[in-house]
Every structure is written in structure tokens, then in C-alpha cells.
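It should be emphasised that the depicted structure is a prediction, and the values quoted were computed from it without experimental measurement.
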Amino acid sequence: MRQLTEIELQEIRRSIMRKEISSAEILMEIYDHYFSHLQKFSEAEFHDQLVELDQKFTYGYCHALQFRFNKKAKEDIHQTQWMVVRKYFCTSRWLYLAGILVLVFYVATQAKTEKELGILLLSPMMLLLLANMAFGYQNIKKLRPIKKTFKGIGIPINSSLALPITERMYFPILMAQIFVYVPKLIFSQIDLPPFLPAVSAAITVLLTLYAVSLLEVLKIKSKTALI
């Protein structure tokens, strides 16, 4: 295999950029395929082989690959998080889960005002916020070389695996709003304050379990994926 010239690499990049791929994973997969394939041929054969590759990796074919990969990425993140959550209910981790339950319910019973209970509810979301900031920085760092390689592509390049994780990090905010405000609307005639500590503790446990499981998913995927 020969070393491709800088001019040839630029032609490969221009050819791929015309396909307007936004998934960093698919973009690099196609680029690596082009690169490894064209290395096998001489300079005289380069253009003919590049045309053949373009005929195979058409705009429509590349976007179909991207669509399937994006769908699979979302399913993969969902399945991985569900697998992690199930582990917390196994005998090897029941003490860990029980410890969280005892601690949260104890703190909730000691809270004297709704403001203190609100702070308890915010704690897992603050954990997710910090994780999201760190995740965003790491993702930007990993995507920077790819964006530099395909500078001028005309569309934003993002990780297909990063997007569903980011969406899941914002999901607890909506979930917390539903847990907090919906009962007040449905049970407006009931005196809720006596039940608030128990309700707040239950919501906090669910949010904490959600946050910790998502952080573990991030840890698992960051070892092999572009996130």
C-alpha cells in the first residue's frame, strides 16, 4: 500500500463532503473506507477508483447509513442504561441501593420546609448538570479534529451517540416538573404537605438512580465510542 498525497486526500475529503453527512461516526467510517481502499492503487488508478467509490457511496446510500446508525445509537443507549439499572437490583448491589434509599429518606424527613425539599430534589439534577458540562467539553475535544478535517462541509457535525445521551441528561428536568406539579393539579383538594417528604424522597431516589445509571452508561461508551 502506498502513501496518499495531500492533493489526493483533499480530493477524498471534497468527495465525502458533497454527501453532507452530519454523523461524525459515519463520516469517519466512510473516510477510513475511502482511505484504505485507495491506498491499494497507484496514482494513475486513483481517480477511476474514486469515481467507483462515489458510485457506491451515493448521497442517498450515505444518508440511509446515517439514519440507521442514528436509530441504532438511540436503541443502544436505551438498552445499555436499562441493563445498568437492572444491575442495581441484583443481590451484589442491593446494599448500595438500600444505602441510597435510607440516606435520601432520612434527609427528607429532616427537611422542615418545601425549599429544603426542593434542594433535595435538585441534587441529582445538579449532578447531571455537572456531568453534562464535562461530557460536552470532552465531546467538543474529540470532535475538533474531525471538524477540522472536514472544515467547510456546510452542516454541523455531531456524534450520533452523544445526542441521545445529551437528550437523556435533560429528560430528568421534564420528569421532575411532572412529578412536582402534576400531583398539585390533580390532588388540589388534598393537603399535600404531610406527604411531601415521602414524595420528595421517592422522586429523589428515582432521579439519583437515573443519573448514576446514565453516568455509568457514559463511562462504558466513552471507552469505545466517539463520545
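Judged by distance alone, the side chain of Gln81 and the main-chain N or O of His78 form no donor-acceptor pair under 3.5 Å. Judged by distance alone, with hydrogens and angles left aside, the side-chain atoms of Gln66 form a donor-acceptor pair with the main-chain N or O of Ser22 at under 3.5 Å. Checked by atom type and distance alone, the side chain of Thr80 pairs as donor or acceptor with a backbone atom of Asp76 at under 3.5 Å. A distance-only check finds no donor-acceptor pair linking the side chain of Gln49 to the backbone of Leu38 [under 3.5 Å]. Side-chain N or O atoms of Lys221 include none that pairs as donor or acceptor with a backbone N or O of Leu161 at under 3.5 Å. Here the side chain of Gln138 pairs no donor or acceptor atom with the backbone of Phe135 at under 3.5 angstrom. Of the possible donor and acceptor atoms, one in the side chain of Tyr210 sits under 3.5 Å from a partner among the backbone N and O of Arg168.
Under a cut-off of 6.0 angstrom, the local environment of CD in Gln3 is sparse, with at most 12 non-hydrogen atoms contributed by other residues, nucleotides or ligands. Other residues, nucleotides and ligands contribute more than 12 heavy atoms inside 6.0 Å of the CE atom of Met83. With a 6.0 Å radius and a threshold of 12 heavy atoms from other residues, nucleotides or ligands, Leu130 has its CG atom above the threshold. Other residues, nucleotides and ligands contribute more than 12 heavy atoms inside 6.0 Å of the NE2 atom of His33.
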Start with the C-alpha gap between Lys142 and Ser159, add the side-chain angles, then the distance that decides, and say whether side chain to side chain contact (heavy atoms under 4.5 Å, CB included) holds. CA-CA 9 Å; Lys142 287 190 174 183; Ser159 168; over 6 Å; no
Please determine whether side chain to side chain contact (heavy atoms under 4.5 Å, CB included) holds for the pair Lys141 and Arg144, giving the CA-CA distance in whole Å, both sets of side-chain angles, and the decisive distance to 0.1 Å. CA-CA 5 Å; Lys141 230 172 40 166; Arg144 189 177 293 133; 4.0 Å; yes
Leu50 and Ser15: side chain to side chain contact (heavy atoms under 4.5 Å, CB included), yes or no, with the steps? CA-CA 8 Å; Leu50 182 59; Ser15 177; 4.3 Å; yes
Test Tyr137 against Asn132 for side chain to side chain donor-acceptor pair (under 3.5 Å), laying out the working first. CA-CA 9 Å; Tyr137 174 73; Asn132 193 33; over 6 Å; no
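Between Glu6 and Arg13 there is a salt bridge, since at least one side-chain N of the basic residue sits less than 4.0 Å from a carboxylate O of the acidic one.
Hydrophobic clustering of Ile, Leu, Val, Met, Phe, Trp and Tyr side chains at less than 4.5 Å, counting indirect connections, keeps Ile157 apart from Leu163.
Aromatic ring centroids of His63 and Phe67 lie 6.0 Å or more apart.
Between Cys62 and Lys19, the shortest heavy-atom distance links the atoms SG-CD, 3.4 Å.
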